[in-house]
Amino acid sequence: MEPGKGETKITDDQLLVAQSTIIHRIISIIGPFALKCAVDLRIPDHIHAYGGEPMPLPALALSIPVPLEKQPMLRRLMRLLSAQGVFAVQALGDSGVNDDGDGSIGYLLTPFSRLLVTADDGSPNMSSYVRAFLEPDMVKPMYRMSEWLTQEGANMNAFEMAHGGRNLWKVAQERPHMGRLFNEAMACKTRQTTAAAVACCPQVFRGIGSLVDVGGGTGMTAKMIAEAFPEVKCTVLELPHVVAAAPKSELIDAVAGDMFEYIPPAGAVLLKNVLHDWSDEDCVKILKQCKKAISANGGEHGKVIIVDIVINTLGDDPRKNEMGLLSDVIMMTGLGGKERDEVEWRKIFSKAGFANYKITPLKGGPHSIIELFP
Ligand SMILES: C[S@@+](CC[C@H](N)C(=O)[O-])C[C@H]1O[C@@H](n2cnc3c(N)ncnc32)[C@H](O)[C@@H]1O
């Protein structure tokens with residue numbers, strides 16, 4: 001093809017690189033599905049149960065179990081996942097790391113797969129995240145993105161288009177399996193972020209007296225805050241079906257309701273990974289309810305604590321930046337929400353009647369903590 005006006009001629013070498021980049025990017029979709037297969041087969045659990053020794057392929061195949069004729073295929077799956085850092089391989093004899101499937105190598109967990117081991121106490125782990133986000137119901141809207149983008153009207157997101165007009169929360173309510181996976185995925189993801197928030201910014205939570213975690217899922221974040229700051233009385237406000245399915249805890253109260261209608265009064269309202277689910281107009285409505293809740297608390301003015309991505313605090317780290325941008329497209333197609341930069345945040349804060357805010361980026365991930373004052 002001849003270059004267009006203003007385009008420079010592309011060399012054959014550049015075309016070769018471009019072609020392999022396209023192919024690499026497209027077949028990379030296999031990585032997440034291979035990971036899901038390993039999670040579905042509980043391979044991290046089997047290796048963990050082997051007691052810290054490298055687990056040979058035949059032993060792994062036996063414990064899954066995988067029939068003898070499929071063992072060569074299991075070896076190939078493990079070879080890919082090991083090359084991607086999900087598992088580590090170690091030679092069992094003197095022949096070096098020779099992955100010929102005869103049991104001469106063993107598999108070990110890496111920090112990556114350690115996070116996929118099911119905890120003894122049954123608490124959620126990142127395997128729920130892998131499974132929840134690769135559920136066919138979650139992937140479906142991706143096939144409708146171009147159709148959705150070219151259709152007139154902004155009243156429906158791609159998820160709703162793919163699910164007969166029902167939004168994610170409705171589908172999660174109707175399909176308990178998906179709802180449970182989603183809530184577990186959120187609970188697990190929140191552990192690291194909440195631990196980072198508590199460690200980096202204890203002053204954000206000290207002295208607030210009471211806190212309502214709005215859209216707080218099954219209560220993981222509220223429990224962690226109640227444990228770290230026993231003087232703070234923590235409550236979760238959630239949709240009724242989420243409250244009904246959440247484990248009961250003496251540390252926190254749970255209130256079933258709708259954040260667009262009412263938020264119980266408290267010294268602070270927490271919105272963690274909630275506002276990015278919603279349009280600017282909806283965020284303003286939620287924040288106005290938050291303002292009422294913190295103002296009604298004995299007449300004192302408290303604060304709103306937001307944990308979400310702030311696009312322009314992601315710095316030069318390409319991984320953080322890409323996570324922010326990928327998450328933005330997920331919010332756009334999945335919920336009609338968005339990841340925001342500081343200017344976009346400031347606009348909704350001021351429309352909801354908040355005068356001041358302070359942003360503190362959290363270590364190790366793309367999130368920031370935003371304190372919002374009336
Ligand atoms: C992305 S999840 C975040 C969960 C939790 N805050 C976290 O960080 O793990 C958003 C939550 O908002 C809840 N939610 C959605 N609509 C709501 C509403 N109208 N009122 C209260 N909660 C709502 C959902 O059930 C879901 O648990």
Side-chain angles (χ1 to χ4, degrees), residues 123-126 128-129 132-133 135 138 157 159-160 166-176 178-198 211-226 234-247 249 252-264 266 268-279 281-290 292-293 304-309 327-328 330-340 362 365-370:
S123 56
N125 61 86
M126 286 305 275
S128 311
Y129 191 89
F133 282 86
E135 274 283 290
M138 292 295 264
N157 58 54
F159 186 98
E160 290 164 346
R166 280 137 46 248
N167 70 14
L168 173 62
W169 316 121
K170 189 83 189 124
V171 172
Q173 180 187 358
E174 287 170 1
R175 300 186 193 162
M178 183 176 149
R180 186 180 53 76
L181 272 184
F182 182 84
N183 290 335
E184 279 180 15
M186 288 298 114
C188 183
K189 186 171 154 248
T190 202
R191 278 190 195 194
Q192 314 270 54
T193 317
T194 306
V198 164
L211 174 142
V212 182
D213 185 7
V214 170
T218 51
M220 177 66 73
T221 307
K223 262 180 259 165
M224 289 178 74
I225 294 171
C234 292
T235 304
V236 170
L237 173 80
E238 254 295 348
L239 294 174
H241 70 276
V242 179
V243 171
S249 165
I252 57 171
D253 289 334
V255 174
D258 180 347
M259 63 191 167
F260 288 95
E261 306 280 329
Y262 172 74
I263 295 173
V269 172
L270 175 66
L271 292 162
K272 184 179 158 297
N273 289 142
V274 168
L275 292 182
H276 72 165
D277 296 343
W278 300 95
S279 66
E281 296 71 32
D282 284 336
C283 284
V284 171
K285 287 182 199 155
I286 297 166
L287 286 173
K288 282 186 174 167
Q289 287 297 345
C290 292
K292 274 193 212 160
V304 178
I305 304 165
I306 297 167
V307 180
D308 246 324
I309 287 175
S327 181
D328 181 49
I330 293 175
M331 294 308 141
M332 174 179 89
T333 48
L335 287 152
K338 59 165 127 165
E339 303 298 353
R340 298 177 167 86
L362 294 176
H367 292 98
S368 285
I369 210 165
I370 312 173

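Order of appearance sets the numbers: ligands from 1, and atoms from 1 within every ligand. What you see is a predicted model; the values in this text were computed from it and never measured.
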Close side-chain approach of Met259 and Leu237, heavy atoms under 4.5 Å: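 When only atoms from C-beta onward are counted, Leu237 and Met259 do touch, with a gap below 4.5 Å.
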Kindly indicate whether the side chain of Leu239, heavy atoms from C-beta on, has any atom under 4.5 Å from the side chain of Gln173.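 Of all side-chain heavy-atom pairs linking Gln173 with Leu239, none is under 4.5 Å.
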For ligand 1, what is the set of protein residues having any non-hydrogen atom at a distance below 4.0 Å?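 These residues qualify: Trp169, Met186, Thr190, Gly215, Gly216, Gly217, Glu238, Leu239, Val242, Gly257, Asp258, Met259, Phe260, Lys272, Asn273, Asp277, Trp278.
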With the threshold set at 4.0 Å, does a side-chain nitrogen-carboxylate oxygen contact exist between Lys285 and Glu281?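 Salt bridge flag = no for Glu281 with Lys285.
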Is Val307 close to Thr221 at the side-chain level, that is, under 4.5 Å between some pair of heavy atoms?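 No - every pair of side-chain heavy atoms lies 4.5 Å or more apart.
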Measure centre to centre between the rings of Phe159 and Trp169, then say whether the value is under 6.0 Å.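 Distance test on ring centres: not under 6.0 Å, no.
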If I compare all heavy atoms of Ala132 with all of Ala185, which pair ends up nearest, and what's the gap?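 It is CB-CB, 3.9 Å.
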